[in-house]
Amino acid sequence: MTSESANPQPAADVAIVGAGIVGICAAAYLTEAGYAVTLIDRTGVCEETSSGNASAFAFSDVLPLAHKGMMRNLPRWLADPLGPLAIPPAYLPKLLPWLWRFWRAGSPSHYEASLAAQAGMMKLAEPEWMGLLDRSGTKSMLREDGSLELYESESEFRASLPGWAARDRFRIPYRHIEGEELAALQPGLSKQFVKATFVPGWKTADDPKVLGKAIWAYAEAKGAAFIKGDVALVMPSRERITIQLKQGRTIMARHLVVAAGAWSHLLARQLGDKIPLETERGYNTTLPVDAFDVRRQLIFSGHGFVITPLATGLRIGGAVELGGLKLPPNFARSRAMLEKAKRFLPGLKTEGGREWMGFRPSLPDSLPVIGQSKTAANVYYAFGHGHLGKTQAAGTARLIRDLVSGEAPALDLSSFSPQRF
Ligand SMILES: Cc1cc2nc3c(=O)[nH]c(=O)nc-3n(C[C@H](O)[C@H](O)[C@H](O)COP(=O)(O)OP(=O)(O)OC[C@H]3O[C@@H](n4cnc5c(N)ncnc54)[C@H](O)[C@@H]3O)c2cc1C
């Protein structure tokens, strides 16, 4: 058993810091494998970024962010203070090193390497999620109705084609559509959308928070334990790791998994691992379920947001604000996307919404960090999934289980190494 006391004793199994979707899935996989798991979080289970996202299982979303299309849009996006991408001026100096790495990640060779690694991760993530949904009895929360990516002009559609061609290389099915077929897949859409791409394999879940809590209930039923606490200090030695909470308690474990989302680098730094993690803050509004009859996830890439029909409401949002962990939220962003959504779906009822902001944990090359600390082989990192943390959580959990149990990882982890920077 993992022990927890004022005078700690050497303990056996695994402690996980961070009860977002990545930590929850890791807890489920490790508990299934017979480990005694303690999950630690300062807020609760699935209460941060994993609670309010767009709920997509975006297994076909393999393009790294630093691609040419993105770079082309940058000047236009940055010119609009409430547009898809914003950098608060006060945060810019702190961000420059990350931006430089992001820029480099867009070079052809880096881009190709990240694309292949991302596609490999997605190939693992999909069957791992389907298996976990089955085992945890949560499959009924899965919606397999595909997505529609929408274009306002021929030129916007044409600009998307290289990205679709890249997906061809990984045999990702999609279909470009227009006219009646588009109107049938999403009735009531504004006529300004002249074309769309339908991705049949795109999936969503009823609600990310409900799903996260249900996966946790499964892990808990198998024996995992939760401790509410803010981890202040991690002190590894060869046999055990001492985890000190701000509340004064100490927890001991043989292995530690750091799955603390956008805050993970703060713990990694204590172990001598310098990882360039930034946060892409994202915003949304969740309207009542009957706000509009949206049939499947709608993606407005040119405007940087999506509309997702959930069991708990209609969620509208996205956008990226590179503003760090401390600045207060600017919910004018949520409202700006809602205004656009009203134009795109005439008749959308915009009253009664809940606004939300979350912290995407993002590395400059759009790939997560999955691997061991350079100074402590019994500390494992599982963070930095950016826009895709829900999609990749079960795949990451599988890889962490492989590492903790000393098995060969299901995927070559060199592209995800904490030491790659
Ligand atoms: C607007 C928006 C839309 C998104 N849409 C999607 C989507 O459709 N599909 C998708 O796959 N992804 C999506 N994402 C991304 C996804 O939400 C994230 O990648 C994912 O939630 C990250 O999960 P996590 O478990 O790493 O982090 P989190 O969910 O943030 O969990 C980290 C946890 O660590 C805890 N923690 C941190 N430090 C400490 C400490 N010192 N002590 C104790 N606890 C600590 C925090 O309290 C938190 O609960 C979206 C994100 C946003 C913002």
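Indexing begins at 1, ligand by ligand and atom by atom, following the structure's order. For clarity, every value in this text was computed on a predicted model and none was experimentally measured.
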Are the aromatic rings of [X] and [Y] close, with centres under 6.0 Å apart?
X    : Y    : answer
W202 : F59  : no
F193 : F300 : yes
W129 : F57  : yes

Report yes or no: does [X] have a heavy atom closer than 4.0 Å to ligand 1?
X    : value
G317 : no
P361 : yes
R360 : yes
C46  : no

Is a salt bridge present between [X] and [Y], judged by a nitrogen-to-oxygen distance below 4.0 Å?
X    : Y    : answer
R333 : E321 : yes
D206 : R143 : yes
R135 : E32  : yes
E48  : K209 : no
R269 : D273 : no
R296 : D145 : no

- Query: Can you name the one residue among R101, R104, R420 that meets salt bridge (charged side-chain N to carboxylate O under 4.0 Å, His left out) with D365?
  - Reply: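 Of the listed options, the one satisfying the test is R420.
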- Message: Could you go through Y174 and F198, starting from their C-alpha distance and side-chain angles, then the distance that decides it, and tell me whether this counts as ring-ring contact (aromatic ring centres under 6.0 Å, His included)?
- Response: CA-CA 6 Å; Y174 61 86; F198 177 55; over 10 Å; no
At a 4.0 Å threshold, what atoms of ligand 1 neighbour a non-hydrogen atom of [X]?
X    : result
W263 : 30 (O), 37 (C), 38 (N)
L388 : 10 (C), 11 (O), 12 (N)
T43  : 47 (O), 49 (O)
G358 : 53 (C)
G261 : 26 (O), 27 (O), 32 (C)

- Query: What heavy-atom pair brings S55 and P208 nearest, and what distance separates the two atoms?
  - Reply: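 In terms of heavy atoms, the two residues are closest at OG-CD, 3.4 Å.
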[X] NZ/CZ over [Y] ring centroid, <6.0 Å and within 45° of normal:
X    : Y    : result
R401 : Y35  : no
K195 : Y151 : no
K123 : F170 : no

Using a 3.5 Å cut-off on N or O atoms only, is [X] in polar contact with ligand 1?
X    : answer
F359 : no
V22  : yes
I21  : yes
T391 : yes
N284 : no
H385 : no
S55  : yes

Which residue holds the protein heavy atom closest to [atom], what is that atom called, and what is the gap in Å?
atom                    : answer
atom 39 (C) of ligand 1 : R42 NH1, 3.5 Å
atom 15 (C) of ligand 1 : G386 O, 3.1 Å
atom 43 (C) of ligand 1 : G229 O, 3.3 Å
atom 17 (O) of ligand 1 : N53 ND2, 3.0 Å
atom 5 (N) of ligand 1  : A54 N, 3.0 Å
atom 7 (C) of ligand 1  : A56 N, 3.6 Å
atom 41 (N) of ligand 1 : V231 O, 3.0 Å
atom 30 (O) of ligand 1 : T49 OG1, 3.1 Å

- Query: Heavy-atom contacts under 4.0 Å between M357 and ligand 1: side chain, backbone, both, or neither?
  - Reply: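 None of M357 does.
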Heavy atoms only: which of [options] lies closest to [atom]?
atom                    : options               : result
atom 46 (C) of ligand 1 : V234, T396, D41, L245 : D41
atom 32 (C) of ligand 1 : A393, A58, A260       : A260
atom 14 (N) of ligand 1 : H387, Q297, E48       : H387
atom 23 (O) of ligand 1 : S50, G18, G389, G20   : S50

- Message: Can you classify the ring geometry of H255 versus Y380 as parallel (below 30°), tilted (30 to 60°) or perpendicular (above 60°)?
- Response: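 Answer is tilted, since the angle falls between 30° and 60°.
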- Task: Could you point out which residue of E280, H385, R281 forms a side-chain contact (heavy atoms from CB on, under 4.5 Å) with S362?
- Result: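 Per the side-chain contact (heavy atoms from CB on, under 4.5 Å) rule, the option paired with S362 is E280, out of E280, H385, R281.
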